[in-house]
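Everything numeric here is computed off the predicted structure, so don't read it as measured data. We name chains A, B, ... by the order of the sequence lines, and we start the count at 1 in each one.
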Amino acid sequence: MSRLMLALSALVLALVAAALVIGPANAPYGDSLAALFVDDGTPLTLVMREIRLPRAILALVIGASLGMAGAAMQGYLRNPLADPGLIGVSASAALGAVLAIQTGLAAAFAFGLPLAALAGAVLGVLLVLALAGPRGASITLILAGIVVSSLAGALTSLVLNLSPNPFAASEIVFWMMGSLADRSMDHVWLALPLIALGLALLATLTRGLDALTLGEDAAQALGVDLTRLRLTLVAGTAAVVGASTAVAGTIGFVGLVVPHLLRPFVGARPGALLWASALGGAAMLLAADILVRVVLPTKDLKLGVVTALVGAPLFLHLIYKTRRQMA
Amino acid sequence: MRNSRVITLALGAVLAAAPAGAQDGADTGVPATPPERVVSMNLCTDQLAMMLADEGQLHSVSYLSQQARGSALVEQARQYVPNRGLAEEIYLMAPDLVIAGSFSDRTTLDMLRRLDVPVAVFEPAGSLADISDRLRRMGEVLHREDAAARMVARFDARLAELATQAPPEGDRPSAALYSANGWSSGGRTLPGQIVTAAGFDLVADDFGLAWGGFLPLELLAMSDPDAVITGQSYPADSRAEEILDHPVVAHLKRDSMRGIVSDQDWSCGTPLVLDAIARLSNARLAATGARR
């Protein structure tokens, strides 16, 4: 295990601990952790086990999902602008989730919600890859992403506006920006199986992505099955993004920023970047979720707002650099 | 050419009428003679009007009053013509008095005033004390002062009777009102006063949310209230209401006074809140009686 991975793991562990002890209930840190492991009959155990633990777990696995999915897409398309949030996969997943909730599918069948989000994500990612072409040139990829993203976002708003529930329309913000507020262990069990499956699929891409840096012909000569690589990428990305979006809404920029920041540390090898980005993504989302709890504890500040505040300047920097390279 | 002239004329007429209408807006809405064809366009004024209007005096109520979700007087409301609060439909009903809530669409009310329809606007009741006041005011605008005075007397008497059943300070169980998005109402709101009148202390007041505010789920859990009172949920799922099914809320409701929901009787400042207080009071007696 490299020093980078050790450092990132330590950071993630520290942030998980912080996420568990920081919250509006404001109990002493030691008491909080004790109440997590030993049921002392006080309400603190309830808070730790039913509120903070699921929230920390979800931040961890969803951050890892978004980070790894971003690294995988960027590696496959050899394009630093690729990110499931940016190219509309998350927005399509959100549309699938909203449809499942409003049609009653989510209530009728336990895994209806994440599976519907997965279906939305698959459609989104296929549509974008089809529109952008196999090489995924920056301009066509971003344009296709914008179209799919806006269309899915608009349809999500439409579905929520048509809902007989008066609160539904105000939830457009949740689906566009994402939040982990008031999630429970039920949501963890809903999302975890698909996320685990997706991460396992994406992790198999290591060798293929490294080979792809030499170009498609060279990769094929090295024995990489490009069709299978593509299928695995689509399935893995759709599974992690679908399950994450189903329980936490659309959280942007994690998959864009984290691989970008970590790329220099792994010698620009996309294969090595996968797990590094998973850890980095987990750290970023845990930190963002701690921040929204500390800054505005009663307002449910959306996670996407924080990740965008960090991510948008970096994105602008990326575009600026790309423009200079093209000139 | 001809069309544009018609539009210009119409515009001119509206503009000329506007200043005159604006002056009428300052009146109190009390008609000089008893109104004979009254239209109410707000769920809460509907209920007050139905309780106090004379036979045949009330013509139309809002469509919301005919829907069981929010209305406490559905059956009674179905005897009247429903309206959706649109200026055009209300004007065509030829009312001699329109009763609206202060949250009714202002442009609609301004339009009705410009068309010389008397409009009485009611602020929503924000406390139990407001209810007598709104009853008297409704009596005034309908010229039914005697009926209103009798209803106020009955309301005050029953409220005082319920107050005698409430336990003394320090012996009151705690209750939290919890609704979508984690909103918790405090003692300066009508739902909060219903709960305190039934002999509970409000959790929201301990957190300085007397006017109501968002109470994080963690703080609700830590305050460990004796009763958690949630509202009825709307049709179709929403993330905002999902919090009411959270395992923490379910756990808090488990060993506290169960089955209490804030229903239609809670939504408006009318004498119907007395029934809500009585039900809540009985639930408290049943629970504390069993504990002793």
Among A/A27, A/A168, A/P164, A/P24, who wins on heavy-atom pairs under 4.5 Å with chain B? A/P24
Out of curiosity, A/L44 CG to B/D224 CG, how far, rounded to the nearest 0.5 Å? 11.5 Å
Would you find more than 12 non-hydrogen atoms of other residues, nucleotides or ligands less than 6.0 Å from B/R78 atom CZ? yes
Kindly compute the distance separating CZ (A/F174) from OG (B/S238), expressed to the nearest 0.5 Å. 11.5 Å
Can you tell me if CD on B/Q79 sees more than 12 non-hydrogen neighbours from other groups inside 6.0 Å? yes
Toward chain B, the part of A/S179 with a non-hydrogen atom under 4.5 Å: both
Give a yes or no on whether a salt bridge exists between B/E242 and A/R183, defined as a side-chain N under 4.0 angstrom from a carboxylate O. yes
Can you tell me which portion of A/E50 sits under 4.5 Å from chain B's heavy atoms? Options are side chain, backbone, both or neither. both
Measuring heavy-atom distances to chain A, does B/L217 have an atom under 4.5 Å in its side chain, in its backbone, in both, or in neither? both
Judged by modelled atom types alone, do A/N26 and B/E218 share a side-chain donor-acceptor pair under 3.5 Å? no
Find the distance between CG (B/D245) and CG (A/D182) and round it off to the nearest 0.5 Å. 12.0 Å
Main-chain N/O of B/A240 paired to A/E171 side chain as donor or acceptor, under 3.5 Å: yes
Is A/S163 close to chain B through its backbone or its side chain, or both, or neither, when contacts mean heavy atoms under 4.5 Å? side chain
Straight-line distance of A/L46 CG to B/M222 CE, nearest 0.5 Å: 10.0 Å
For B/R188, look at atom CZ and say whether over 12 heavy atoms of other residues, nucleotides or ligands are found less than 6.0 Å away. no
Chi angles and distances behind the side-chain contact (heavy atoms from CB on, under 4.5 Å) call for A/I101, B/R239: CA-CA 9 Å; A/I101 291 174; B/R239 195 181 175 278; over 6 Å; no
Correct closest heavy-atom pair for A/A25 and B/L219 would be CA-CD2, 3.7 Å
